[in-house]
Participant: 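What follows is a structure written as structure tokens; I'll ask about it next.
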Amino acid sequence: MELAKFPLFNKLATGGGAEAIDEKFVYFMAFLYSISTGEVESVDMIKTASKSGYGKFSQAFMDTFRLGVGWSYGLSKSLEMIANKVAQNNEIQLKQILVKLAQVVRLGDDLKTFFHAEVKSAIMNFEIIYERKLETQKLFLEMFYTLMSTAAFMVSANSIMTMLMGSNDAEDILLSSLIGVSISMTVFVFLMYMMFPRDKLAYATADDDLKFRLRVYMMAGIGAGIGVVLFMIPDFPNTLAVGVAVAPLIIPGLKAKKMEAQIKELNQAYPEFIRHFGEIYATVGSMGQALDAVLRSDFGPLQKHVIGFKNRVKNRIDQKLGFELLSRDAGSEIIANGNQVISTAMDKGGDMNETGNVVADITLKMNELRAKRAQTAKTFETVVIVLHILTLAVFGLMNKLTEIFFELINTVDVSNSTFQLTPIDPEFMAAMMPVMIIMTSVLSAVAIKVAQGGLYKTVFYNIAILAVLGAIVSFVMNFMLADFLETHILDFVDETVVP
């Protein structure tokens with residue numbers, strides 16, 4: 001079930017208004033423009049668009065073709081009928097393009113001129129909405145800083161006040177505080193996920209996703225086994241056991257990070273290649289000769305994939321299949337979207353020079369906007385890591401103070417009829433430390449990934465790194481303060497009690 005079908009989630013995803021970021025719509029406009037450059041008839045263009053695989057946009061054109069041709073309502077009348085239908089689902093962009101196209105078909109205007117203007121408008125509109133989303137993202141990320149630091153303070157202060165006020169259920173109050181904080185932080189991160197751009201990066205098959213999941217399951221199983229063994233060792237710190245147990249997730253996370261970096265490099269090289277390829281193909285009219293000429297230039301990490309594409313073309317592989325295999329080799333959603341437009345334009349006899357330029361312009365704009373987001377996300381990542389370390393340092397300090405406070409109460413009777421002290425059980429606090437490490441690590445890692453967008457498989461790397469850092473900080477804090485606090489507090493108490 002898609003969350004976007006619910007009105008509340010749909011409003012969150014669109015930022016509370018009717019506008020939404022939709023890369024697919026931009027590429028659909030480029031797709032229609034590429035067909036129109038071949039001077040095709042409107043019926044042929046709508047029929048081709050109905051089988052293009054662009055989701056709700058293709059479905060709208062399929063319904064139009066069925067009504068206009070199959071049921072003989074006429075294309076212009078069918079376009080207006082489908083426009084009224086999609087308007088009920090708040091599809092403003094789709095409704096506008098259908099209404100405009102209906103007028104163009106009725107008046108017999110040039111489709112190429114119309115879609116050229118619509119592509120430029122779609123790109124400009126996409127940029128405006130994306131920039132607006134980035135400003136919203138900056139505000140929400142700042143709110144996350146505040147919420148994260150406040151939550152750590154609330155849990156610590158609530159636990160200390162519970163002990164000082166003489167509550168008989170100090171452990172339950174601590175547990176309730178952690179549950180409340182975790183729920184509130186989870187809800188806030190979910191809101192961030194719904195409101196921020198997704199920026200799909202990878203073009204992967206179901207088999208690729210299955211292989212990655214199996215790798216994650218294997219590493220998680222290994223980590224769980226190691227963690228169980230370490231927890232069974234009496235003198236081994238629980239905090240370090242958690243860090244060691246989660247550490248194996250770094251392996252699939254690193255692979256995902258490497259894949260993400262490679263895809264971004266390919267996206268940077270793609271506009272130059274596709275523009276050059278379109279210009280030469282429009283002149284020579286042969287894919288093999290065009291690719292031979294294109295490969296005289298160096299396209300960096302994309303070069304080997306273009307060579308493989310050329311070899312398939314030389315072996316008379318169908319051009320649609322060749323472009324699809326190029327997309328799979330690159331593993332990039334942006335490259336796959338661009339290749340689909342180029343492949344269809346070639347099949348329909350479109351102007352490859354114009355089509356290549358449009359695809360290159362869209363890719364450059366996508367790369368530019370994502371680079372701006374990456375800059376903001378990098379700053380957010382640094383701040384969250386620092387806050388994560390400080391938060392677990394506070395929890396580690398609270399753990400040691402609880403232990404000393406418990407021993408102090410059992411050593412010296414400092415309570416009276418008006419002032420009752422009830423310390424938290426140190427064993428309970430020690431058992432809660434691994435939970436705190438995992439909770440803060442997962443929430444911080446997911447928040448960082450939501451801010452970054454792109455390949456969400458890299459979240460396992462963030463979780464593992466933050467968990468290891470948190471475990472080390474908690475252990476070091478406990479180890480460094482052990483002698484100091486015991487010497488300056490417990491020894492002082494012993495000297496005071498003994499005459």
Side-chain angles (χ1 to χ4, degrees), residues 1-4 9 12-13 20-24 55 130 133-134 136-137 140-141 144 185-220 223 246-267 327-328 330-337 366-367 369-382 384-385 388 438-468:
M1 181 179 296
E2 296 181 1
L3 293 176
F9 295 128
L12 289 174
I21 291 181
D22 200 340
E23 294 181 13
K24 188 173 290 187
Y130 199 101
K133 289 279 187 178
L134 287 182
T136 304
Q137 176 174 328
F140 267 76
L141 296 184
F144 185 85
M185 294 285 288
T186 301
V187 171
F188 190 81
V189 172
F190 177 74
L191 291 177
M192 291 167 56
Y193 173 76
M194 293 299 300
M195 297 187 68
F196 294 175
R198 308 293 169 79
D199 290 349
K200 186 177 180 182
L201 187 67
Y203 182 73
T205 61
D207 292 337
D208 295 332
D209 293 336
L210 178 60
K211 290 178 182 178
F212 183 82
R213 287 198 302 269
L214 292 176
R215 188 178 292 110
V216 172
Y217 295 153
M218 182 177 66
M219 292 297 103
V246 181
L249 290 178
I250 293 178
I251 297 176
L254 275 176
K255 185 173 180 61
K257 291 279 285 186
K258 182 180 179 182
M259 184 189 308
E260 185 179 52
Q262 291 175 346
I263 293 175
K264 289 182 179 179
E265 291 178 356
L266 293 174
N267 289 342
S327 302
R328 293 186 182 182
S332 168
E333 181 72 13
I334 288 180
I335 293 178
N337 290 332
M366 298 286 182
N367 291 337
L369 294 173
R370 293 185 180 189
K372 292 181 180 179
R373 180 180 184 178
Q375 185 177 3
T376 302
K378 188 63 178 178
T379 304
F380 175 73
E381 180 182 8
T382 304
V384 168
I385 290 176
H388 176 75
I438 294 177
M439 179 191 73
T440 54
S441 299
V442 171
L443 287 174
S444 299
V446 174
I448 290 173
K449 192 63 234 179
V450 168
Q452 294 172 341
L455 192 62
Y456 276 82
K457 296 176 182 178
T458 59
V459 71
F460 296 103
Y461 176 82
N462 297 338
I463 292 174
I465 291 297
L466 291 175
V468 171

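Quick note: residue numbers are just sequence positions, from 1.
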Participant: How long is the span from the NZ atom in K24 to the NZ atom in K200, to the nearest 0.5 Å?
Facilitator: 7.5 Å

Participant: Does the side chain of M219 come within less than 4.5 Å of I250's, by heavy atoms?
Facilitator: no

Participant: Apply side-chain contact (heavy atoms from CB on, under 4.5 Å) to Y461 and L249, showing your working.
Facilitator: CA-CA 6 Å; Y461 176 82; L249 290 178; over 6 Å; no

Participant: Starting from the C-alpha separation in whole Å, work towards a yes-or-no answer on side-chain contact (heavy atoms from CB on, under 4.5 Å) for L266 and I335.
Facilitator: CA-CA 8 Å; L266 293 174; I335 293 178; 3.9 Å; yes

Participant: Verify the neighbour count for atom NZ of K255: are there more than 12 heavy atoms of other residues, nucleotides or ligands below 6.0 Å?
Facilitator: no

Participant: Quick one: does V246's side chain get under 4.5 Å of V468's, heavy atoms only?
Facilitator: no

Participant: What pair of heavy atoms forms the shortest contact from G223 to P248, and how long is it?
Facilitator: CA-CG, 3.8 Å

Participant: With sequence neighbours excluded, tell me which residues meet side-chain hydrogen bond (donor to acceptor under 3.5 Å, both in side chains) with K258.
Facilitator: none

Participant: Indicate yes or no: at least one non-hydrogen side-chain atom of N367 is less than 4.5 angstrom from one of I334.
Facilitator: yes

Participant: Apply the test salt bridge (Lys or Arg N to Asp or Glu O under 4.0 Å) to residues E23 and R370: give CA-CA distance (whole Å), side-chain angles for both, the deciding distance (0.1 Å), then the verdict.
Facilitator: CA-CA 12 Å; E23 294 181 13; R370 293 185 180 189; 2.7 Å; yes

Participant: Compare every heavy atom of A247 with every heavy atom of A464, then report the nearest pair and how far apart it is.
Facilitator: CB-O, 4.3 Å

Participant: For R373 and F196, what are the C-alpha separation, side-chain angles and deciding distance, and is it a side-chain contact (heavy atoms from CB on, under 4.5 Å)?
Facilitator: CA-CA 10 Å; R373 180 180 184 178; F196 294 175; 3.8 Å; yes

Participant: Rounded to the nearest 0.5 Å, what separates atom CD1 in I385 from atom CG in N462?
Facilitator: 7.5 Å

Participant: Could you give the distance from CG (L134) to CG (L369), rounded to the nearest 0.5 Å?
Facilitator: 7.0 Å

Participant: Name every donor-acceptor pair, under 3.5 Å, that has one atom in a side chain of residues 442-453 and the other anywhere in the protein, sequence neighbours excluded.
Facilitator:
unit_1: S444; atom_1: OG; unit_2: T440; atom_2: O; d: 2.8
unit_1: K449; atom_1: NZ; unit_2: E260; atom_2: OE2; d: 3.1
unit_1: K449; atom_1: NZ; unit_2: Q452; atom_2: OE1; d: 3.3
unit_1: K449; atom_1: NZ; unit_2: G453; atom_2: O; d: 3.2
unit_1: K449; atom_1: NZ; unit_2: L455; atom_2: O; d: 3.1
unit_1: K449; atom_1: NZ; unit_2: T458; atom_2: OG1; d: 2.7
unit_1: Q452; atom_1: NE2; unit_2: E381; atom_2: OE1; d: 3.4

Participant: Determine which pairs satisfy side chain to side chain donor-acceptor pair (under 3.5 Å) with at least one residue from residues 209-220, sequence neighbours left out, and list them in order.
Facilitator: D209-K457

Participant: Indicate the atoms forming the closest heavy-atom contact of G331 with I263, along with that distance.
Facilitator: O-CD1, 3.2 Å

Participant: Let me confirm one number: the CZ-CE distance from F144 to M192, rounded to the nearest 0.5 Å.
Facilitator: 6.0 Å

Participant: Checking M366 against N267 for the side-chain contact (heavy atoms from CB on, under 4.5 Å) test, could you report, in this order, the C-alpha distance in whole Å, the side-chain angles of both residues, the deciding distance, and whether it holds?
Facilitator: CA-CA 9 Å; M366 298 286 182; N267 289 342; over 6 Å; no

Participant: Please report the closest heavy-atom contact between R198 and Y456, naming both atoms and the distance.
Facilitator: O-CE1, 4.2 Å

Participant: Which atoms form the tightest heavy-atom contact between F212 and P252, and what is the distance?
Facilitator: CE1-O, 3.4 Å

Participant: What pair of heavy atoms forms the shortest contact from E333 to A202, and how long is it?
Facilitator: OE1-O, 3.7 Å

